[in-house]
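Index from 1, following the sequence.
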Amino acid sequence: MKKKTTVLIPAMLDFHFPLLKYAFCSANYEAVVLEDQRSIAYTGLKYLHNDLCYPVILITGQFISALKSGKYSGDVALMIPQAGDACRGSNYIHMIRKALTLAGFGHIPIMSLNFKGLEKDNRLKISLGMIRRGFASVMYGDILMILRNQIKAYEKNCGETEKTVAKWTEILKQGIIDGTLVSARKMKETFSLIAKDFSTIETVKKQKPIIGIVGELYIKYCHLGNADICKYLRSEGCGVYINGFSWYLLYYIDSHLAENSSAESSVFKAITRYLAKVQSAMVCAVKENGFLCCNSFYDFKEYSADYISLNCNIADGWLIAGEIANIHRSVTDRIACVQPFGCMPNHVFGKGLYSSLQRKIGDVMLSSVDFDSGSADVNIKNRLSMLINM
């Protein structure tokens, strides 16, 4: 019998990868989300030059640290998602291979997870079952993240929020593996149960606000890339709002995969409608139980058009400006804008629009924070303090 390949996945989405790894369960693969944190930036810089984008340095360092640890032997492969657009990070797979060779791991294959036909000889083989489990994992990761971030800073009984997250993560894990919680109907039912459960957590009234976070994907969703600013904001008594990954997924399919008139485009348009419908049920469950959330994708997109051209689809394109406008409308007027230093697409299509959005929206407070391997903790906290104490 052929042994399973152990697929090592870098930590990129704090709330989603613990569930997404079960989407790759199959007769061929056993997925492991890496947890190495110590000195991964230093390790990455040993094998890559420091003008590469910060997420790639961290991902490379985490891969090499894991392989050097001796925990993984036998049939091992690495997996990295690739958007395949102007983002440098998504196109640095060749640099990662070079770094692995220098570190003595050139024989370890890197599999690419992408939908644009990149790396045809090294693409992760995806089944329909994986896709269904993957979509469900994204939606469940979104609702857990949105609810947990809003309520944790205000909980009356310390640790109750984390216990609720852990309980639902275990339930969802099993439902994703066996496929019982991945249909649209079951997802809608489960969203309501999750939101209702979180609404029973006792909270105390505090004066500190909710802080929204927008920006480049890795820095926004991964505590390794953003110096765990969510933890810092909670320590200051603030709630946190990060818009769900499903909004990016829908943006990407809508703007990058369904943009032409081919038969394949029609399939992606149908997928967009399906996901938007499921997402709408999630948003309704969140709001009906007293929590804040941006509107579902089609309304989100329509409102974004008032602030940025929807033809702007390079890298994160109109999404960052759209998130700022929609978070201001639905959640909070205080928003931290985070990006890796030197990320040109993010600086042009994200940071380059902040002043324009400030003028158009008026009463929004934006604070831009750059991250790299030399980011000073005090500078990050000073930037965030402007939002907390405005």
* To do: Run the numbers on Asn382 and Ser385 for side-chain hydrogen bond (donor to acceptor under 3.5 Å, both in side chains), then give the verdict.
  => CA-CA 5 Å; Asn382 283 343; Ser385 293; 5.1 Å; no
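- With hydrogens and angles disregarded, a donor-acceptor distance shorter than 3.5 Å links the side chain of Lys360 to the backbone of Tyr307.
- The local environment of NZ in Lys277 is sparse, with at most 12 non-hydrogen atoms from other residues, nucleotides or ligands closer than 6.0 Å.
- Not a single donor-acceptor pair under 3.5 Å links the side chain of Thr164 to the backbone N or O of Phe198.
- For the residue pair Glu216 and Pro340, the shortest heavy atom distance occurs at CB-CD, 3.5 Å.
- Evaluated for a side chain to side chain donor-acceptor pair (under 3.5 Å) with Asn295, the options Lys287, Gln279, Glu302 yield exactly one hit, Lys287.
- Side chain of Tyr154 to main chain of Gly239: a donor-acceptor pair is present (N/O by atom type, distance under 3.5 Å, no hydrogens or angles).
- A cation-pi contact links Arg329 to Tyr303, judged by a cut-off of 6.0 Å to the six-membered ring centre and 45° from its axis.
- Around OH of Tyr274, the count of heavy atoms belonging to other residues, nucleotides or ligands within 6.0 Å exceeds 12.
- Taking the six-membered ring for Trp and the full ring otherwise, Tyr251 and Trp318 have centroids separated by under 6.0 Å.
- For the pair Glu35 and Lys71, the salt-bridge criterion is not met [side-chain N within less than 4.0 Å of a carboxylate O].
- Between the side chain of Asn226 and the backbone N or O of Ile229 there is at least one donor-acceptor pair closer than 3.5 Å.
- No hydrogens or angles considered: a donor-acceptor pair under 3.5 Å links the side chains of Asn326 and Ser304.
- The salt bridge (charged side-chain N to carboxylate O under 4.0 Å, His left out) check on Lys98 picks up nothing, with sequence neighbours excluded.
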